[in-house]
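Note on naming: letters A, B, ... go to the chains in the order of the sequence lines (proteins, then strands), and numbering restarts at 1 for each one.
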Amino acid sequence: MTIKVLYFASLREEIGRASDQFEFSDDQLASLKVCQLWKHATGQSTLSEQLLVAINQEYKDQHSLVSDGDEVAFFPPVTGG
Amino acid sequence: MSKDVAYSLPGNIREIIIVEESFDPLQIQADYQAKSMGNKTDYGATANFVGTMRDFNEGDDVLSMTLEHYPAMTAKQLNEIVDQAYEKWPIQNTLIVHRVGEIFPAESIVLVTVWSAHRNAAFDGCRFIMEALKHQAPFWKKEALTAGNTRWVAENTKGE
């Protein structure tokens with residue numbers, strides 16, 4: 001059960017890497033929320049409300065559930081255009 | 001030049017282009033119009049928005065910027081935004097071009113072009129796509145200031 005995690009822009013620089021890949025057991029993934037994945041990935045207990053979350057390229061929030069094979073991205077507010 | 005038209009709905013014609021080098025917005029719009037609409041005579045309105053890099057921001061002189069993005073999500077979000085525009089207005093064609101990589105003042109960052117039979121759909125659709133792009137499409141700007149330091153742009157202003 002694999003989850004890919006991506007970090008972008010200033011967050012990528014703060015964390016010091018662009019991505020992680022984690023293996024979870026079926027039991028762990030049965031109710032894994034974005035905020036728990038964040039803690040697992042970064043060691044930080046809370047996910048700042050300033051940060052945005054996407055699962056499989058769609059906007060989600062810290063309470064969303066993560067599933068096997070998901071690509072979860074964390075990033076600061078977008079500033080394109 | 002990379003192109004991605006995944007997730008588009010059939011019939012909702014669009015082209016979304018992410019470019020890594022400087023582009024001429026009016027030339028790219030003219031080329032696309034000739035290629036995609038050369039045999040059409042039913043459009044009466046073309047609305048263009050071009051975003052250009054300024055040499056100042058937040059009171060500081062800016063030397064250059066580096067634009068980063070999340071390619072798969074950029075394509076998905078921009079295609080969804082275009083689909084939403086088609087649901088709201090009778091649009092005939094759309095073109096979005098967005099720059100990534102290192103960019104300098106007076107270079108184009110973004111082009112949004114919307115074609116329709118009448119001006120309301122073209123103006124409103126163009127503005128809708130541009131505003132949605134600014135707040136949903138995963139691009140990030142890092143500025144290199146004349147003073148020598150760099151900084152990430154914190155967030156886009158609402159509708160300015």
Peer 1: For K141(B), which atoms come within 4.5 Å of any heavy atom of chain A: side chain, backbone, both, or neither?
Peer 2: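 When you check distances to chain A, atoms from both the backbone and side chain of K141(B) fall under 4.5 Å.
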
Peer 1: Within the supplied structure, the quantity of interest is the number of heavy atoms (other residues, nucleotides, ligands) at a distance under 6.0 Å from F24(A) CZ; does it exceed 12?
Peer 2: yes

Peer 1: Under 4.5 Å heavy-atom distance to chain B, tell me which part of L6(A) shows up: side chain, backbone, both or neither.
Peer 2: side chain

Peer 1: State the CD-NZ distance between Q57(A) and K76(B), to the nearest 0.5 angstrom.
Peer 2: 5.0 Å

Peer 1: Non-hydrogen atoms of chain B under 4.5 Å away: do they reach the side chain of E13(A), the backbone, both or neither?
Peer 2: side chain

Peer 1: Which heavy atom of A154(B) sits nearest to which heavy atom of P77(A), and what is that distance?
Peer 2: O-CB, 3.6 Å

Peer 1: I want to check something: taking the side chain as every heavy atom from C-beta on, are T79(A) and W140(B) in contact at a cut-off of under 4.5 Å?
Peer 2: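 Yes, side chains in contact.
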
Peer 1: So for E155(B), is it side chain, backbone, both, or neither that comes closer than 4.5 Å to the heavy atoms of chain A?
Peer 2: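 For E155(B), backbone and side chain are both near chain A.
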
Peer 1: Is it true that atom CD of Q44(A) has more than 12 heavy atoms of other residues, nucleotides or ligands lying nearer than 6.0 Å?
Peer 2: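 Check passes, neighbour count above 12.
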
Peer 1: Assigning hydrophobic clusters by single linkage (Ile, Leu, Val, Met, Phe, Trp, Tyr; side-chain heavy-atom cutoff under 4.5 Å), is L11(A) placed with I3(A)?
Peer 2: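 Result: yes, single cluster for both.
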
Peer 1: Just how far is it from atom OG of S10(A) to atom NZ of K142(B), taken to the nearest 0.5 Å?
Peer 2: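 Between S10(A) OG and K142(B) NZ, I get 9.0 Å after rounding to 0.5 Å.
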
Peer 1: Hey, any chance F75(A) and V53(A) share a hydrophobic cluster, counting ILVMFWY side chains that come within less than 4.5 Å of each other, even indirectly?
Peer 2: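 As far as the 4.5 Å side-chain criterion goes, V53(A) and F75(A) are not connected within one cluster.
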
Peer 1: Check this for me: R127(B), atom CZ, are more than 12 non-hydrogen atoms of other residues, nucleotides or ligands nearer than 6.0 Å?
Peer 2: no

Peer 1: Does R119(B) have more than 12 heavy atoms from other residues, nucleotides or ligands lying within 6.0 Å of its CZ?
Peer 2: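 No, not enclosed.
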
Peer 1: Under a single-linkage definition using a 4.5 Å side-chain heavy-atom cutoff for Ile, Leu, Val, Met, Phe, Trp and Tyr, are I96(B) and I91(B) assigned to the same hydrophobic cluster?
Peer 2: yes

Peer 1: Picking from W152(B), F139(B), F49(B), which has the most non-hydrogen pairs under 4.5 angstrom with chain A?
Peer 2: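 The residue among W152(B), F139(B), F49(B) with the greatest pair count is W152(B).
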
Peer 1: Is the number of heavy atoms from other residues, nucleotides or ligands within 6.0 Å of CD (Q21(A)) greater than 12?
Peer 2: yes

Peer 1: Do F8(A) and M73(B) make a side-chain contact, defined as non-hydrogen atoms from C-beta onward lying under 4.5 Å apart?
Peer 2: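 A side-chain contact under 4.5 Å is absent here.
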
Peer 1: Roughly how far, to the nearest 0.5 Å, is CD of E58(A) from CD of Q77(B)?
Peer 2: 5.5 Å

Peer 1: By a 4.5 Å heavy-atom criterion (distance strictly below it), what part of Q136(B) contacts chain A: side chain, backbone, both, or neither?
Peer 2: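 Both parts, backbone and side chain.
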
Peer 1: Treat each ILVMFWY residue as a node, draw an edge where side-chain heavy atoms are under 4.5 Å apart, and state whether V72(A) and L65(A) are in one component.
Peer 2: no

Peer 1: Name the region of M53(B), side chain, backbone, both or neither, that has any atom closer than 4.5 Å to a heavy atom of chain A.
Peer 2: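 Answer is neither: M53(B) stays 4.5 Å or more from chain A.
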
